[in-house]
Number of protein chains: 2
Amino acid sequence: MSTSEIHEEVARRLDQAGQRYTRGRRRLIDTLLSLGRPVTIREIVENEPELAQSSAYRNLDVLQSSGAVRRLPSPGDFDHFELSEPILGHHHHLICLQCGSIADMHLPDEVEEVVDQGLAAAAHDAGFFAVQHSLDLHGYCAGCSAPAN
Amino acid sequence: MSTSEIHEEVARRLDQAGQRYTRGRRRLIDTLLSLGRPVTIREIVENEPELAQSSAYRNLDVLQSSGAVRRLPSPGDFDHFELSEPILGHHHHLICLQCGSIADMHLPDEVEEVVDQGLAAAAHDAGFFAVQHSLDLHGYCAGCSAPAN
DNA sequence: ATTGCGACTGAGAACTATTCTCAATAAGCT
DNA sequence: AGCTTATTGAGAATAGTTCTCAGTCGCAAT
């Protein structure tokens with residue numbers, strides 16, 4: 001999806017939710033696009049100091065409600081935000097236990113199929129209505145090394 | 001693993017970390033065992049009112065550091081705690097988007113194998129040192145129904 | 001263009017889950 | 001039993017996030 005297609009898609013989703021695609025919201029999407037990985041509010045505001053923190057939180061919430069953004073609860077102290085899977089495509093995360101950074105990762109289609117089938121069976125058994133799955137790898141990124149012990 | 005084996009395992013891990021297995025910590029483990037699913041601090045304290053909230057937080061942190069407990073960052077407002085995988089065995093979660101409750105789930109070994117292989121390859125490509133994976137299903141539990149729209 | 005109205009913004013206050021503090025207590029050791 | 005050190009509990013402090021509200025902007029109809 002090209003940048004302009006993404007903006008159109010976001011605009012469509014906001015419109016459907018009765019929301020406007022204002023300058024601040026557009027800038028938020030641009031920032032998420034340019035950083036290209038799940039980021040914290042702090043990173044967003046540092047990259048785009050014109051965005052007020054309170055508006056960033058509010059607008060990320062609006063964008064999440066309309067399905068343009070996903071909020072990732074994080075093991076560290078800060079939640080991370082990324083463009084949603086309908087926009088970015090289905091993917092997974094490499095989460096560093098040391099520095100808390102999150103990188104995107106993709107798995108072969110065969111793996112996804114096996115996972116989907118396994119999860120569908122488990123959901124069915126539990127009377128659970130599945131919306132999406134999350135499959136993340138926790139460990140140490142290239143910049144951080146694993147603890148010595 | 002029987003209840004007494006679990007307590008022995010926890011005691012071993014705490015001892016290794018230079019920590020005591022006190023009454024409060026034992027009660028914490030008992031509570032996690034009896035509830036049998038990831039729970040919030042609030043649920044723990046409500047179930048075992050003799051546990052001070054501040055001590056519960058502190059001890060869950062100690063237990064996590066020694067590898068007896070896992071803390072799950074949650075999409076809602078409260079983190080959840082559960083016994084660690086070395087004790088409970090490898091498993092996954094069904095996370096309800098409505099009520100925030102988390103239930104345990106197991107996948108067939110074949111699925112786990114495929115996932116492990118796929119993740120190992122992805123981690124290798126990214127220069128990432130993997131510790132564990134998390135594979136959770138997000139949706140609506142049997143008690144909550146999916147939104148109408 | 002102009003106007004009108006409701007949605008949006010920004011700065012800070014408020015909220016609340018979690019962590020910290022410290023005097024009192026319990027655990028383990030000799 | 002006595003000593004030493006870790007642990008506890010109640011509340012204060014911290015900090016990420018949400019809320020408030022007066023001022024501003026976007027959009028549509030005139």
Side-chain angles (χ1 to χ4, degrees), chain A residues 7 10-31 38-66 68-82 100-102, chain B residues 7 10-31 38-66 68-82 100-102:
Chain A
H7 281 300
V10 173
R12 193 175 310 128
R13 286 173 176 272
L14 283 174
D15 188 55
Q16 212 159 13
Q19 300 279 346
R20 296 172 182 165
Y21 198 16
T22 60
R23 189 144 33 93
R25 290 173 185 176
R26 199 174 295 264
R27 193 164 295 190
L28 221 34
I29 295 294
D30 280 329
T31 305
V39 291
T40 62
I41 287 277
R42 176 185 300 258
E43 289 175 288
I44 291 172
V45 173
E46 280 173 0
N47 260 273
E48 204 65 44
E50 291 194 21
L51 291 172
Q53 179 174 279
S54 60
S55 297
Y57 272 113
R58 187 176 343 96
N59 284 329
L60 286 168
D61 191 52
V62 168
L63 288 164
Q64 181 182 43
S65 299
S66 67
V69 160
R70 171 146 71 137
R71 179 176 196 150
L72 306 170
S74 295
D77 281 340
F78 298 86
D79 282 357
H80 287 66
F81 296 87
E82 67 175 355
S101 71
I102 304 181
Chain B
H7 281 299
V10 174
R12 193 175 309 128
R13 286 173 176 273
L14 283 174
D15 188 55
Q16 213 159 12
Q19 300 278 346
R20 295 171 184 166
Y21 198 17
T22 62
R23 192 144 29 95
R25 290 173 185 175
R26 200 175 294 264
R27 194 163 296 190
L28 221 35
I29 295 294
D30 280 330
T31 304
V39 290
T40 62
I41 286 278
R42 178 184 298 258
E43 290 175 287
I44 291 172
V45 172
E46 279 173 0
N47 259 273
E48 204 67 44
E50 292 195 20
L51 291 172
Q53 177 173 280
S54 61
S55 298
Y57 272 114
R58 187 175 344 94
N59 284 328
L60 286 168
D61 190 53
V62 168
L63 288 164
Q64 180 182 43
S65 299
S66 68
V69 160
R70 172 148 70 140
R71 179 176 197 149
L72 306 170
S74 295
D77 281 340
F78 298 86
D79 282 358
H80 286 68
F81 296 87
E82 67 175 354
S101 70
I102 305 180

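In what follows, chains are A, B, ... by sequence order, proteins preceding strands, each numbered from 1.
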- Query: So what does D61(A) hit on the nucleic acid, given a heavy-atom distance under 4.0 Å: a base, only sugar-phosphate, or nothing?
  - Reply: nothing
- Rounded to the nearest 0.5 angstrom, the CD-OG1 distance for E50(B) and T31(B) is 10.5 Å
- Item | E82(A) to P38(A) - nearest heavy-atom pair and separation | OE1-CG, 3.4 Å
- Message: How many whole angstroms separate atom CZ of F81(B) from atom P of dA17(C)?
- Response: 13 Å
- Take atom CZ of R58(A) and atom P of dC19(D), then tell me their distance rounded to the nearest Å. 10 Å
- What's the CZ-P distance between R27(B) and dA26(C), to the nearest Å? 14 Å
- Message: If I compare all heavy atoms of N59(A) with all of R25(A), which pair ends up nearest, and what's the gap?
- Response: OD1-NE, 2.8 Å
- Looking at side-chain heavy atoms only, is the closest gap between Y21(B) and H7(B) below 4.5 Å? yes
- Taken to the nearest whole Å, CG/L72(B) to P/dT18(C) is 12 Å
- Item | Atom-to-atom span, NE2 of H80(B) to C1' of dT18(C) - whole angstrom | 15 Å
- Whole angstrom is fine here: how far is it from CD1 in I41(A) over to P in dA11(C)? 15 Å
- Taking atom types as they are modelled, is there a donor-acceptor pair under 3.5 Å from the base of dG16(D) to the side chain of R42(A)? no
- Task: Find the bend of the helix from dA1(C)-dT30(D) to dT30(C)-dA1(D) as the angle between its two terminal axes (five pairs each), to the nearest 10°.
- Result: 40°
- For S74(B) and I102(B) the tightest heavy-atom approach is OG-CD1, 4.1 Å
- Item | Which nucleotide in dG9(D), dT19(C), dT17(D) has an atom nearest any side-chain atom of R71(B) | dT19(C)
- Would you say the side chain of L63(A) lies within less than 4.5 Å of the side chain of L14(A), judging by non-hydrogen atoms? yes
- Could you tell me the separation between the CG atom of D77(B) and the C1' atom of dC15(C), rounded to a whole number of Å? 11 Å
- Message: Would you say that I41(B) contacts F78(B) through its side chain, given a criterion of any heavy-atom pair below 4.5 Å between the two side chains?
- Response: no
- Item | Distance below 4.0 Å between Y57(B) side-chain N/O and dT19(C) OP1 or OP2 | no
- Find out whether T40(A) and E43(A) are in side-chain contact, i.e. whether some heavy atom of one side chain is under 4.5 Å from a heavy atom of the other. yes
- Query: Does OP1 or OP2 of dT8(D) have a side-chain N or O of N59(B) closer than 4.0 Å?
  - Reply: yes
- Item | Positions of residues 14-25 of chain B (non-hydrogen atom under 4.0 Å from DNA chain C), listed by number | R20(B), R23(B)
- Message: Nearest whole Å is fine: how far is dT17(D) P from F78(B) CZ?
- Response: 15 Å
- Query: What are the two closest heavy atoms between Q53(A) and V45(A), and how far apart are they?
  - Reply: CA-CG2, 4.2 Å
- Message: Is any side-chain heavy atom of L60(B) closer than 4.5 Å to one of R71(B)?
- Response: no
- Is it the case that more than 12 heavy atoms not belonging to R23(A) sit under 6.0 Å from its CZ atom? no
- Message: Is it true that, when you exclude R26(A) itself, more than 12 heavy atoms of the residues, nucleotides or ligands shown sit nearer than 6.0 Å to its CZ?
- Response: yes
- Item | Within residues 45-54 of chain B: residues closer than 4.0 Å to DNA chain D (heavy atoms) | A52(B), S54(B)
